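Written below as structure tokens is the structure these notes are about.
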There are 2 protein chains.
Amino acid sequence: MRETIGEDHPTCRLRDVLDRVGDKWSVLVMDLLGDGPKRYSELQRAIAGISQRMLTLTLRSLERDGLVERTVTPTSPPRVDYALTPVGRTLSSQIAGLIAWARQHRDYVAASRARYDAS
Amino acid sequence: MRETIGEDHPTCRLRDVLDRVGDKWSVLVMDLLGDGPKRYSELQRAIAGISQRMLTLTLRSLERDGLVERTVTPTSPPRVDYALTPVGRTLSSQIAGLIAWARQHRDYVAASRARYDAS
DNA sequence: CAGAATCCGGCCAGATACTG
DNA sequence: CAGTATCTGGCCGGATTCTG
């Protein structure tokens, strides 16, 4: 018997977790961090179009979920590194699979859309 | 050399595909259809809290992307079935991995959040 | 450099009503 | 049953400004 997707759970609803996973910026950040720790500014440069606000919010929520660890080096100017936690790494590899899928099928999807829109 | 995540592509930007993948309702629908074809009303019942509008929009865009096939049986009342396409099945299995991850780590995430919010 | 705070406009999701 | 059409309010995300 499959679990109902919208079902509640004592401590944490399944969908709450999926929402995080499904968040646009989170997916991109997790993928990048899969390559190794990155500084705040590195992430900002690597992710085209993300605003400071959204990068900060995204990193905070990932940290809150125990997927990303934040390390501050109090030099001047300050340096902040972000790295995946062990659990974060397991999610990142799932996401890597998704991104690989997107890369493999982007042309198929584009063609499908073109055909659909034409009719 | 890794591809820049925000980079453009001649026919279809990678992020466009990821946005679809990352869409809350799409993920749930793709997962359900992984079990086999379903009628419109079955999907609506299985996904707690989705509105008619969002279910229809989600199914339309999945169909447009070539991930879901829509079959109308013009009886009275009409019957409409939705099934994954071959490519849709490959995505659905990726998503199944994601959902399995969420299930395995929901407690960890919940605990992390609780600890973060307490401090 | 790595944010925090504030303001604001657009869009999207939900609710509602109607239909072949 | 399986939609379509329309309206509306909330909230999300971008832009801007300021700081240790």
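None of these values were measured; they are calculated from a predicted model.
- Each of A:Ile50 and B:Asp81 was matched to the nucleotide of DNA chain D holding its nearest heavy atom; the match closer to the 5' end belongs to B:Asp81.
- Checking A:Arg79 against B:Gly49, the closest nucleotide of DNA chain C that is more toward the 5' end is the one next to A:Arg79.
- Extent of DNA chain D lying under 4.0 Å from chain A heavy atoms, first and last nucleotide in 5' to 3' order, is D:dG13 to D:dG20.
- The nearest whole Å value for the distance from the CD atom in B:Gln44 to the C1' atom in C:dA13 is 15 Å.
- Note that CG of B:Leu62 is 9.5 Å distant from OG1 of B:Thr85, once rounded to the nearest 0.5 Å.
- In terms of hydrophobic clustering, with Ile, Leu, Val, Met, Phe, Trp and Tyr side chains grouped at heavy-atom distances under 4.5 Å, A:Tyr116 and B:Val72 are assigned to different clusters.
- Taking CG of A:Leu67 as the start and OG of A:Ser61 as the end, the distance is 8.5 Å to the nearest 0.5 Å.
- When each of A:Glu42, A:Lys38, A:Gln44 is paired with A:Tyr40, the side chain to side chain contact (heavy atoms under 4.5 Å, CB included) condition holds for A:Gln44 and for no other.
- Within 6.0 Å of atom CD in B:Glu69, 12 or fewer heavy atoms from other residues, nucleotides or ligands are found, so the atom counts as exposed in its surroundings.
- Atom CD1 of B:Ile99 sits about 10.5 Å away from atom CE of B:Met30, to the nearest 0.5 Å.
- Within residues 51-72 of chain B, the residues approached by DNA chain D to less than 4.0 Å at the level of any non-hydrogen atom are B:Gln52, B:Arg53, B:Thr56, B:Arg60, B:Arg70, in residue-number order.
- Using bins of under 30°, 30° to 60° and over 60° for the plane-to-plane angle, the ring pair A:His105/A:Tyr108 lands in the perpendicular bin.
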Practice problem: Apply side chain to side chain contact (heavy atoms under 4.5 Å, CB included) to the pair B:Leu43 and B:Arg39, showing each step before the final yes or no. | Solution: CA-CA 6 Å; B:Leu43 291 170; B:Arg39 300 185 57 172; over 6 Å; no
